[in-house]
There are 2 protein chains.
Amino acid sequence: MALHAAAKQTETDPTEVVPDLETLIGYNMKRAYVAIQKDFRAALGEGGLSPRTFSALSLVVAHPDISQSSLARMLGIERSGLVAIIDELEHRKLLTRSVMPGDRRIQALMATPDGRVVYHDTLATVQAHEDRLLADLTAAEKETLMQLLKKIRLTDREST
Amino acid sequence: MALHAAAKQTETDPTEVVPDLETLIGYNMKRAYVAIQKDFRAALGEGGLSPRTFSALSLVVAHPDISQSSLARMLGIERSGLVAIIDELEHRKLLTRSVMPGDRRIQALMATPDGRVVYHDTLATVQAHEDRLLADLTAAEKETLMQLLKKIRLTDREST
DNA sequence: CGCATATTGTTAACTAGGTAAACAGTTTTG
DNA sequence: CAAAACTGTTTACCTAGTTAACAATATGCG
């Protein structure tokens, strides 16, 4: 625990010897996350999908006939919170709910052809904006960042 | 309709032919950010400071006699949103508001001795938990991650 | 000086994105 | 069959912000 070293007198000394926020991964992660999310919304404009709605659509495209409960688990949110998201996607005619034959509790989710098109277009748009936002990073740096982020995500033992 | 076969393919195929969420920095950033934030709250327990309250306290410790407006700008939030945060810190007796001589509009913020102690203790606690959460990363990887995150943050041209 | 304009802290109303609890319909299990 | 569990849903609530308005105060300028 050499980390908690110099706690110097900060009363009138503005020279910032104090260990501060900037040394925390969490703080820098939040700043970066906010910047990227802002970019995402700017990329999709006024009537565009929100990040969470896009994530949901993406998973429905990748997993046809998925149930809302499974989808909620994948997204890491409660299934009650997913209802509004699916309502929105259904209203935009990007997916359909249909009763699962064999288990009438389940509403199987399926992306419409429109939904698949919107998904691919949106993904391309977001990727283009991310590339612009991250223009200061080399391809190798982006790859490194991606792998480090995935490593952190894996250490989150709660999210099934 | 003709895509039935293709749809069925992705159903059980984990090889991910479809470009997906995982290729987006933003998605992986969010997952990592959520994991770290959860860890932060767990580290500080039930009655602990929230991330934003800790950030505010940190900046007040580093910048004695700062005004609420300047602090809000540093935090990247509206000054109206800062009022509740400062209220909480004042109630916990971790800082004081005092009228700035020379400009009676300004409430100069100053951390109390208690506030400085709580700040340093909290920082140490959070750092320890981050170290545990990020145990899979080497020191070099953590340093790299930090620098890449700061690079992204810098590209956020709006926050002034 | 006087007056328009700007700034500060604050409140109020609103939004986004969730959680937790309860519920009816529908399996599943003992 | 009865009890337990699961699914989608509604309802009430929470957190962390935003925007708009406001009074008090400060500043620029003719």
Side-chain angles (χ1 to χ4, degrees), chain A residues 26-27 30-31 33-35 37-38 40-41 44 46-56 60 65-91 95-110 158-160, chain B residues 26-27 30-31 33-35 37-38 40-41 44 46-56 60 65-91 95-110 158-160:
Chain A
Y27 179 75
K30 176 169 190 177
R31 304 285 302 229
Y33 169 61
V34 167
Q37 175 155 295
K38 199 181 291 180
F40 183 105
R41 291 178 192 280
L44 268 52
E46 196 64 25
L49 299 178
S50 62
R52 63 178 196 159
T53 309
F54 172 68
S55 295
V60 171
D65 280 341
I66 193 176
S67 72
Q68 288 184 210
S69 287
S70 315
L71 181 54
R73 272 189 298 271
M74 283 189 192
L75 288 169
I77 63 175
E78 294 298 312
R79 59 194 201 286
S80 61
L82 185 59
V83 174
I85 301 175
I86 300 302
D87 282 351
E88 181 192 344
L89 286 169
E90 192 180 38
H91 205 248
L95 59 73
T96 58
R97 284 168 162 116
S98 53
V99 181
M100 184 86 157
D103 191 337
R104 284 179 300 176
R105 292 172 302 183
I106 296 177
Q107 299 276 59
L109 303 177
M110 175 78 91
E158 320 302 280
S159 74
T160 307
Chain B
Y27 178 75
K30 177 169 188 177
R31 304 285 303 230
Y33 168 61
V34 167
Q37 174 153 296
K38 199 181 293 180
F40 184 105
R41 292 180 190 278
L44 269 51
E46 195 64 25
L49 299 178
S50 63
R52 63 177 194 159
T53 309
F54 173 67
S55 294
V60 171
D65 280 341
I66 193 176
S67 73
Q68 289 184 207
S69 287
S70 316
L71 181 53
R73 273 190 297 271
M74 283 190 191
L75 287 169
I77 64 175
E78 294 299 313
R79 61 193 199 286
S80 60
L82 185 59
V83 174
I85 300 175
I86 300 302
D87 282 352
E88 182 193 343
L89 287 169
E90 194 180 36
H91 268 111
L95 60 72
T96 59
R97 284 169 162 115
S98 55
V99 180
M100 184 86 158
D103 191 337
R104 283 180 298 175
R105 294 171 302 181
I106 295 177
Q107 299 276 58
L109 304 177
M110 176 78 91
E158 319 303 279
S159 74
T160 310

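Hydrogens, waters and symmetry mates play no part in the numbers below; they use all other heavy atoms, side chains included. Just so we're on the same page: letters track the sequence lines, and every chain starts at 1.
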Asker: Taking only side-chain nitrogens and oxygens of B:R97, does any of them come within less than 4.0 Å of OP1 or OP2 of C:dT10?
Answerer: yes

Asker: How would you label the contact of A:R79 with the nucleic acid (heavy atoms, under 4.0 Å): base, sugar-phosphate, or nothing?
Answerer: base

Asker: Check the distance between D:dT9's C1' and A:I106's CD1 and give it to me in whole angstrom.
Answerer: 15 Å

Asker: Given that B:R105 and B:P51 both sit by DNA chain D, which one's nearest nucleotide is further toward the 5' end?
Answerer: B:P51

Asker: Just the rounded figure in Å: distance from P of D:dA16 to CG of B:D87.
Answerer: 15 Å

Asker: To the nearest Å, give me how far apart OH (B:Y33) and P (C:dG18) are.
Answerer: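 Nearest whole value for this atom pair: 12 Å.
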
Asker: Check for a donor-acceptor pair, side chain of B:H91 on one end and backbone N or O of B:D87 on the other, with a separation under 3.5 Å.
Answerer: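 Yes.
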
Asker: For side-chain contact (heavy atoms from CB on, under 4.5 Å), just list the numbers for B:R97 and B:Q68, CA-CA rounded to whole Å, side-chain angles, deciding distance to a tenth of an Å, and then say yes or no.
Answerer: CA-CA 9 Å; B:R97 284 169 162 115; B:Q68 289 184 207; 3.1 Å; yes

Asker: With respect to the side chain of A:Q68, which nucleotide from D:dA26, D:dG8, C:dT19 is positioned closest?
Answerer: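 Within the option list, the nearest is D:dG8.
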
Asker: Would you kindly compare B:S69 and A:S80 by the position of their nearest DNA chain C nucleotide and give the one closer to the 5′ end?
Answerer: B:S69

Asker: What is the nucleic acid contact for B:E78, judged by heavy atoms within less than 4.0 Å: base, sugar-phosphate only, or nothing?
Answerer: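 Base contact.
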
Asker: Rounded off to whole Å, could you give me the CD1-to-C1' distance for the A:I77 and D:dC14 pair?
Answerer: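 It works out to 16 Å between those atoms.
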
Asker: For B:Q107 and C:dT11, what is the distance between atoms CD and P respectively, to the nearest whole Å?
Answerer: 11 Å

Asker: Relative to the 5' end of DNA chain C, which residue comes earlier, A:G102 or A:R41, by the nucleotide with the nearest heavy atom?
Answerer: A:R41

Asker: Taking all atoms of both residues into account, what is the closest heavy-atom pair of B:Q37 and B:P51, and its distance?
Answerer: OE1-CG, 4.2 Å

Asker: Would you mind reading off the distance between B:F54 atom CZ and D:dA16 atom C1', rounded to a whole angstrom?
Answerer: 18 Å

Asker: Search all heavy atoms of B:R41 against all heavy atoms of B:S50 and return the closest pair with its distance.
Answerer: NH1-CB, 4.0 Å

Asker: Taking the nucleotide of DNA chain D with the nearest heavy atom to each, does A:K30 or B:D103 sit closer to the 5' end?
Answerer: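 Here A:K30 is the residue nearer the 5' end.
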
Asker: So, does B:R104 get its side chain near the phosphate of D:dA24, meaning an N or O under 4.0 Å from OP1 or OP2?
Answerer: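 Negative; the distance criterion is not met.
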
Asker: May I have the distance from B:E46 (atom CD) to D:dT15 (atom P), rounded to whole angstrom?
Answerer: 11 Å

Asker: Starting at CD1 of B:I86 and ending at C1' of D:dG17, how long is that distance when rounded to a whole Å?
Answerer: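 Rounding to the nearest Å, CD1 of B:I86 and C1' of D:dG17 are 15 Å apart.
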
Asker: Say you draw a straight line from CG of A:L75 to CD1 of A:I85; how long is it, rounded to the nearest 0.5 Å?
Answerer: 6.5 Å

